[in-house]
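The structure under discussion appears below in the form of structure tokens.
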Amino acid sequence: MKIHAALAATLVLALAACNPPVADYTDAEAPKALKLNDASHDLIVRFLAGSDRLAHGEAERLRRLVANGEIGASDRVSVSPAGPPALAKRRVERIASEMLRYGMTVGTVSLATVPRDTAIVEIGRALVTLPPCPNWSSTAVPADFTNMRKSNFGEMVASPTDLANGQPLGLAAGGPAAAAVNRYKADKVVLPAASSALPIAAPQTNAPGAGNSPGS
């Protein structure tokens, strides 16, 4: 019984620490301090010599990185290609077309030094650590007609990286935007191809009339 009583007292103290009395607890004492950590990393993508074609296995490696979560939809992907301007542009477009398979767009960054016949792909990612305790400095009354936010009201962002800096301005990516419109009009989701990183493969359908016997 003494052990259970001690455990109960510990739980009460822990809850009290995160929910102290309103009279002794102000909003200034409970700032919504978010801790933002940079988790960005780089990878090098190889091309065939003097070409915009990916080296053997590079497309599969990108697919695995997406499948493993090392490249995520909320990451900011930037490409720094090697080569003369025209070739560098085609190499960026090649990587962009690969990433578009997984609904991701890429930007371009110019670096002074990039290994020959490669591109440095920067995966911009941030991790957010929330405050240890909620902010209950104001009373959560059932009916509040002041239309004011509660002290524990939080914010939502599309990506934690948006807390570090805003999205770069520019034209919208045509591919994802058009795909969203098509899904809306068709009222259905188009399954990815079998070679996609996602675990669901598109059903294999025959060409119109193929495999149907007369009169079927």
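Along the sequence shown, the residues carry numbers beginning at 1.
- To the nearest 0.5 Å, atoms CG (D52) and OG (S97) are separated by 9.5 Å.
- Side-chain atoms of D75 come within 3.5 Å of backbone atoms of G72 as a donor-acceptor pair (strictly under, hydrogens ignored).
- Looking only at side-chain heavy atoms (C-beta outward), V79 and V109 stay at 4.5 Å or farther from each other.
- Across all non-hydrogen atoms, the minimal contact from A88 to G83 is CB-O, 3.8 Å.
- Taking the side chain as every heavy atom from C-beta outward, P115 and I120 approach each other to under 4.5 Å.
- The existence of a salt bridge linking E60 and R63 is confirmed by a sub-4.0 Å separation between a basic side-chain nitrogen and an acidic carboxylate oxygen.
- The hydrophobic cluster around L87 extends to none of the other residues, as no ILVMFWY side-chain heavy atom falls under 4.5 Å of it.
- Residues passing the side chain to side chain contact (heavy atoms under 4.5 Å, CB included) test with K185 are V181, sequence neighbours excluded.
- Judged purely by atom type and a 3.5 angstrom limit, S78 has no side-chain atom pairing as donor or acceptor with the backbone of G107.
- Taking both residues in full, the closest heavy atoms of G124 and S40 are given as CA-OG, 3.4 Å, listed atom of the first, atom of the second, then distance.
- Contact between M99 and V66 at its shortest, heavy atoms only, is CE-CG2, 4.1 Å.
- For A96, the side chain to side chain contact (heavy atoms under 4.5 Å, CB included) test picks out V106, with sequence neighbours left out.
- With sequence neighbours excluded, no residue satisfies side chain to side chain donor-acceptor pair (under 3.5 Å) with R53.
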Donor-acceptor pairs under 3.5 Å, side chain of residues 41-48 to any protein atom, not counting sequence neighbours: which ones?
from	atom 1	to	atom 2	distance (Å)
H41	NE2	E70	O	3.3

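- For A39, the side chain to side chain contact (heavy atoms under 4.5 Å, CB included) partners are R125, L127, not counting sequence neighbours.
- The minimum heavy-atom distance between L36 and A126, with the atom names listed, is CD1-CB, 3.8 Å.
- Side-chain contact between I71 and L65: present, with at least one pair of heavy atoms (C-beta onward) separated by less than 4.5 Å.
- Taking all atoms of both residues into account, the shortest heavy-atom contact from R91 to P81 is CB-CB, 4.3 Å.
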May I have the step-by-step check of side chain to side chain contact (heavy atoms under 4.5 Å, CB included) for V121 and I95, ending in yes or no?
CA-CA 9 Å; V121 179; I95 295 178; 4.1 Å; yes
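- Put simply, the side chain of R64 never gets that close to the backbone of A59: no donor and acceptor are under 3.5 Å apart.
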